[in-house]
Amino acid sequence: EGAASLDPPWHLPHWAAGAADPRERRVVVAVTAGGERQDRERVLLHELAHLGVRQAAAGRPVPRWLDEGAARVIAGEHSTEDLDLLARARVADQLLPLATLEDTFPADRMRAALAYAEAGRAVSLIDGEVPGALRRVLEALGRGATVDDALHAAAGRRTWQLVIDIERSIPRWRAWAASSVACLSGAS
């Protein structure tokens with residue numbers, strides 16, 4: 001509620017737990033999001049990570065998926081729930097191309113959750129396979145490189161390859177198991 005009273009006003013989705021404006025170095029953390037209590041320390045760490053990502057990129061804009069993914073990894077937000085969500089999306093062939101998440105995330109809560117999960121998985125893959133790659137990607141973006149060139153130089157892959165890696169990183173058994181559980185729980 002307080003975000004709308006800022007100058008200029010911030011218009012956040014009802015489910016948002018917080019927001020950051022790295023240009024202004026401002027952060028908003030909600031007590032509740034959509035009526036749900038929040039882990040304010042985790043949300044604050046996530047939002048502060050956005051400031052750090054922008055600073056690591058020398059103040060230049062960072063693709064939304066990379067910014068959100070880095071914030072999720074730094075805040076320790078990747079979870080089994082993310083893996084289950086990604087698994088169900090994989091089986092349903094509904095994974096989102098990272099290129100569609102360059103500037104914005106879906107407004108719908110469920111599709112946004114998928115976008116956050118994919119972004120977190122992408123950054124986990126980037127930095128998990130090549131330690132320090134995330135830092136090098138952000139530094140290259142800060143020098144004016146494109147995201148594809150920065151990814152290729154730091155991690156040896158392009159954005160489209162990362163999308164394939166996300167899909168491949170979710171074992172088929174998990175994808176089918178998560179889908180089966182979702183079907184069974186929805187049928188009861």
Side-chain angles (χ1 to χ4, degrees), residues 11-20 22 33-34 36 42-43 46-47 49-50 53-54 57 60-130 133-134 137-138 140-141 145-152 154-183 185-186:
H11 301 286
L12 306 176
H14 72 282
W15 46 262
E36 301 168 18
R42 182 196 50 77
V43 173
H46 176 109
E47 299 307 335
H50 288 302
V53 164
R54 189 64 170 264
R60 291 185 182 236
V62 174
R64 181 79 187 264
W65 67 264
L66 184 60
D67 188 21
E68 292 297 348
R72 287 184 63 81
V73 168
I74 291 166
E77 295 174 319
H78 43 288
S79 66
T80 57
E81 285 129 18
D82 279 355
L83 288 176
D84 289 343
L85 181 60
L86 290 169
R88 287 190 299 274
R90 179 182 182 198
V91 167
D93 196 27
Q94 294 180 342
L95 289 172
L96 305 167
L98 293 178
T100 66
L101 304 174
E102 293 259 337
D103 298 319
T104 187
F105 271 26
D108 172 71
R109 182 179 189 157
M110 293 308 294
R111 302 235 342 125
L114 177 58
Y116 281 100
E118 281 189 51
R121 188 67 170 174
V123 170
S124 292
L125 291 172
I126 292 167
D127 215 40
E129 292 178 12
V130 182
L134 176 61
V137 167
L138 294 172
L141 290 173
T146 66
V147 69
D148 266 353
D149 289 343
L151 278 171
H152 189 261
R157 59 172 54 104
R158 305 269 183 206
T159 306
W160 66 268
Q161 292 167 310
L162 191 53
V163 172
I164 293 169
D165 292 344
I166 292 168
E167 184 173 340
R168 288 182 180 161
S169 75
I170 304 161
R172 288 191 190 277
W173 67 263
R174 182 180 202 106
W176 288 108
S179 295
S180 297
V181 169
C183 287
S185 65

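Just so we're clear, the structure is a prediction, and the values are computed from it rather than from any experiment. In this chain, numbering begins with 1 at the start of the sequence shown.
- Partners of Ala115 under the side-chain contact (heavy atoms from CB on, under 4.5 Å) rule, at least two apart in sequence or in another chain, are Leu96, Leu101, Phe105, Pro106.
- Residues meeting the side-chain contact (heavy atoms from CB on, under 4.5 Å) test with Val73, sequence neighbours left out: His78, Val123, Ser124.
- Residues meeting the ring pair (Phe, Tyr, Trp, His ring centres under 6.0 Å) test with His152, sequence neighbours left out: none.
- Qualifying salt bridge (Lys or Arg N to Asp or Glu O under 4.0 Å) partners for Arg64, counting only residues two or more places apart in sequence or in other chains: Glu68.
- With sequence neighbours left out, Ile74 forms a side-chain contact (heavy atoms from CB on, under 4.5 Å) with Leu45, Ala49.
- For Glu102, there are no salt bridge (Lys or Arg N to Asp or Glu O under 4.0 Å) partners two or more places apart in sequence or in a different chain.
- Every residue two or more places apart in sequence or in another chain that forms a side-chain contact (heavy atoms from CB on, under 4.5 Å) with Arg157 is listed here: Glu129, Ala155, Gln161, Leu162, Asp165.
- Not a single side chain to side chain donor-acceptor pair (under 3.5 Å) links Glu167 to another residue, sequence neighbours left out.
- Residues passing the side chain to side chain donor-acceptor pair (under 3.5 Å) test with Thr159 are Asp148, sequence neighbours excluded.
- Checked against side chain to side chain donor-acceptor pair (under 3.5 Å), Ser169 has the following partners two or more places apart in sequence or in another chain: Arg121.
- Residues Ile126 and Val130 have side chains not in contact (no heavy-atom distance under 4.5 Å, counting atoms from C-beta outward).
- Remark: the backbone N or O of Leu134 is paired with a side-chain donor or acceptor of Asp127 at under 3.5 angstrom.
- Partners of Asp82 according to the salt bridge (Lys or Arg N to Asp or Glu O under 4.0 Å) rule, which considers only residues two or more places apart in sequence or in another chain, are Arg72.
- Arg54 places a side-chain N or O within donor-acceptor distance of the main-chain N or O of Arg60, the cut-off being under 3.5 Å.
- Note: Arg168 CZ to Ile170 CD1 = 12.5 Å, rounded to the nearest 0.5 Å.
- To the nearest 0.5 Å, the span separating CG on Leu98 from CD1 on Ile166 amounts to 4.5 Å.
- Taking Arg158 as the reference, Asp149 meet the salt bridge (Lys or Arg N to Asp or Glu O under 4.0 Å) condition, with sequence neighbours excluded.
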